[in-house]
Amino acid sequence: MPPDAELIQRINKNDRKAFDAVVREYQSMVFTVCVRIVGNRQDAEDAAQNTFVSFFRKSGSFRGDASISTWLYRIAVNASISQIRKRRWSQMFDFLSIGEQHDGRSVDPAGDPAERPDIAAEIKQQRRDLAHALGKLQEKQRIAFILHKYQGLPHKEITEIMQLSHSAVESLIFRAKKALQKHLSDTAEQFSEKTQDFGGGRRLRYVSQEQKS
């Protein structure tokens, strides 16, 4: 029996240790996708909790045609969407400040940001601008883009999570990138004009990464 199927079978028998093992293994992943989608920690924590509650309640319907991680992604996306609909996206701006990475690349200036408050302020504003731009995307475009760009998932897995065709996912991501480029073009141009090399030739990179992808 595949490991995932065996684990689910144990959970169906109310094996708390098995459920706790799933939570320990995937809680970071679930919280990350939730916070990227909903936009703030508090709502992400609620969405993540709802994800695991739903996972436990629905474990009996697990058919083994997808991995636990894919299934949890799917539940987390739905839980996050439900959470978003409780609030206006325009009120959610802090998710891009969580962590030090943007698409696997550092978005903070070289050296201690405290030593360059002007640069730190610019980066913070850029994060807010991108959050605004993401909020303008159609819901499915935003989800597909976040799963691909921020979670690093391949198109095949996104099709399983969103239960869409491969071509539909490709189209959503393509349109999301185009829309973001349009929303951020002015900001990116202003930012690139101000951006210079800092500390050993390292260059600040933020919105320009979206333009190049």
Side-chain angles (χ1 to χ4, degrees), residues 29-51 54 66 69-99 101-105 107 123-191 205-213:
M29 180 201 82
V30 167
F31 176 77
T32 299
V33 72
C34 288
V35 79
R36 292 297 187 186
I37 294 174
V38 305
N40 66 80
R41 290 177 182 271
Q42 181 177 348
D43 285 327
E45 288 172 356
D46 291 342
Q49 181 176 346
N50 290 337
T51 296
S54 180
S69 62
T70 297
W71 199 30
L72 279 171
Y73 264 123
R74 188 180 302 160
I75 298 173
V77 166
N78 290 332
S80 299
I81 290 173
S82 296
Q83 200 71 27
I84 283 176
R85 288 171 177 168
K86 296 178 182 178
R87 292 193 178 196
R88 293 177 57 191
W89 177 270
S90 59
Q91 297 171 339
M92 304 176 177
F93 296 131
D94 68 345
F95 76 103
L96 286 174
S97 66
I98 295 173
Q101 298 293 318
H102 170 69
D103 189 31
R105 294 180 288 266
V107 296
I123 291 177
K124 184 176 181 180
Q125 184 58 50
Q126 295 303 312
R127 288 169 172 165
R128 289 179 176 272
D129 290 339
L130 183 54
H132 275 293
L134 283 169
K136 295 178 181 178
L137 296 178
Q138 294 179 5
E139 186 175 273
K140 288 184 178 180
Q141 289 180 4
R142 184 167 64 245
I143 299 302
F145 181 83
I146 287 173
L147 290 176
H148 178 62
K149 190 70 173 179
Y150 291 96
Q151 298 304 117
L153 300 183
H155 290 186
K156 183 178 183 299
E157 190 166 358
I158 297 174
T159 64
E160 296 176 0
I161 293 168
M162 299 187 71
Q163 297 182 303
L164 297 171
S165 68
H166 189 273
S167 60
V169 167
E170 284 188 331
S171 177
L172 287 171
I173 294 172
F174 175 79
R175 292 180 181 179
K177 288 180 179 180
K178 287 295 183 181
L180 286 173
Q181 286 174 355
K182 180 179 180 181
H183 293 317
L184 295 172
S185 59
D186 292 339
T187 302
E189 183 177 351
Q190 294 171 7
F191 185 62
R205 295 179 297 180
Y206 184 59
V207 176
S208 59
Q209 296 294 348
E210 302 298 342
Q211 301 289 65
K212 294 176 182 178
S213 58

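Worth knowing before you read on, the calculation uses all heavy atoms, side chains too, and leaves out hydrogens, waters and symmetry mates.
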Quick one: side chain to side chain contact (heavy atoms under 4.5 Å, CB included) partners of [X], sequence neighbours excluded?
X	answer
Ala176	Leu137, Gln141, Phe145
Ser171	Arg175
Ser165	Ser167, Ala168
Glu45	Phe31

| request: Could you list the residues that satisfy side chain to side chain donor-acceptor pair (under 3.5 Å) with Thr70, not counting sequence neighbours? | output: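 So Thr70 forms a side chain to side chain donor-acceptor pair (under 3.5 Å) with Ser67, Glu157.
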| field | Residues in side chain to side chain donor-acceptor pair (under 3.5 Å) contact with Lys156, at least two apart in sequence or another chain | value |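 Glu160.
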| said: Give me each pair satisfying salt bridge (charged side-chain N to carboxylate O under 4.0 Å, His left out) with a member in residues 71-80, each pair once, sequence neighbours excluded. | reply: none
To the nearest 0.5 Å, tell me how far [X] [atom1] sits from [Y] [atom2].
X	Y	atom1	atom2	answer
Asn50	Asn78	CG	CG	11.5 Å
Ile146	Ile158	CD1	CD1	11.0 Å
Leu134	Ile143	CG	CD1	10.0 Å

| query | Would the number of heavy atoms belonging to other residues, nucleotides or ligands and lying under 6.0 Å from CD of Gln151 be above 12? | reply | yes
| Glu139: partners by salt bridge (charged side-chain N to carboxylate O under 4.0 Å, His left out), with sequence neighbours left out | Arg85
| note | The ring-ring contact (aromatic ring centres under 6.0 Å, His included) partners of His166 (sequence neighbours excluded) come to His155
